[in-house]
Amino acid sequence: MKVSALLAAAAFVALALPAAAQVSVQINVPGLIQVAPPAPRYEPMPGPRPGQVWVAGHWQWNERAYVWRSGYWQAARPDYAYAPGRWVQADGGWRWMEGNWRRAEPHRHADRDDHPGGGGGYHCPPGQAKKGRC
């Protein structure tokens with residue numbers, strides 16, 4: 001009788017220990033997804049359209065799973081360049097950074113007459129000016 005009572009007590013303690021050790025905390029941070037996005041799909045870009053910018057397709061999170069959003073055309077903005085959206089790893093999960101427009105860098109033209117000797121687009125190869133060849 002003592003042996004069976006001792007075995008029953010030991011079994012009860014053994015069953016209670018793993019249950020107490022399994023503690024899980026779920027903190028829901030808005031915009032943070034715990035599951036990494038799948039690899040991007042191959043999506044051929046259509047031919048260029050004047051005054052339009054192609055926004056490539058990407059994975060979107062719909063509160064349960066990732067779904068593919070196909071690429072689309074968006075009206076171009078003068079003096080701006082489109083920076084596509086992307087998934088970034090942050091705070092122990094993944095966050096979508098929306099695409100946005102950035103002020104475009106002014107283009108420097110090679111045919112400008114910046115060289116003191118004139119020449120319209122003249123370029124002296126590296127190291128040649130020191131040798132007196134430019």
Side-chain angles (χ1 to χ4, degrees):
M1 179 80 172
K2 288 183 183 181
V3 174
S4 62
L6 185 60
L7 285 175
F12 178 74
V13 170
L15 291 174
L17 285 177
Q22 293 179 359
V23 176
S24 169
V25 177
Q26 285 286 4
I27 299 173
N28 188 12
V29 177
L32 192 67
I33 289 81
Q34 298 297 321
V35 180
R41 287 183 179 176
Y42 170 73
E43 188 176 56
M45 186 176 113
R49 290 187 185 175
Q52 299 283 309
V53 173
W54 176 253
V55 177
H58 62 274
W59 290 104
Q60 286 184 322
W61 181 254
N62 73 355
E63 303 301 324
R64 293 183 312 277
Y66 286 100
V67 292
W68 182 255
R69 178 174 184 196
S70 297
Y72 57 95
W73 289 104
Q74 187 171 31
R77 294 176 58 185
D79 300 325
Y80 283 84
Y82 182 74
R86 65 193 185 285
W87 284 99
V88 293
Q89 199 167 12
D91 303 324
W94 292 86
R95 188 178 307 271
W96 174 251
M97 301 298 291
E98 204 58 58
N100 59 19
W101 293 92
R102 297 184 181 154
R103 180 87 70 186
E105 295 291 323
H107 295 296
R108 291 190 53 117
H109 297 287
D111 59 351
R112 286 179 41 197
D113 201 9
D114 289 340
H115 190 265
Y122 175 79
H123 173 73
C124 184
Q128 299 302 312
K130 290 182 180 178
K131 297 177 183 176
R133 297 184 184 158
C134 295

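In this chain, residues are counted from 1 in sequence order. The structure displayed is predicted, hence computed values, not measured ones.
Taking OH from Y72 and CD from Q52, the interatomic distance works out to 11.5 Å, rounded to the nearest 0.5 Å. The CH2 atom of W101 sits 11.5 Å away from atom CG of D79, with the distance rounded to the nearest 0.5 Å. One distance of note links CD of Q60 with CD1 of I33; it measures 11.0 Å at 0.5 Å rounding. Rounding to the nearest 0.5 angstrom, the gap separating the CZ atom in R77 from the CZ atom in R103 is 8.5 Å.
The minimum heavy-atom distance between A90 and L32, with the atom names listed, is O-CD1, 3.1 Å. Of all heavy-atom pairs spanning W73 and G47, the tightest one is CZ2-O, 3.2 Å. Counting all heavy atoms, side chain and backbone alike, W94 lies closest to Q34 at CD1-O, 4.5 Å.
The closest donor-acceptor contact from the side chain of E43 to the backbone of G71 lies under 3.5 Å. The main-chain N or O of A39 is found under 3.5 Å from a side-chain atom of W59 such that the two form a donor-acceptor pair.
Checking W96 against E98 by side-chain atom types alone, a donor-acceptor pair falls below 3.5 Å.
Under the 4.5 Å side-chain heavy-atom criterion for Ile, Leu, Val, Met, Phe, Trp and Tyr, W68 and M45 are members of distinct hydrophobic clusters.
Residues Y66 and W87 place their aromatic rings such that the two centres sit under 6.0 Å apart.
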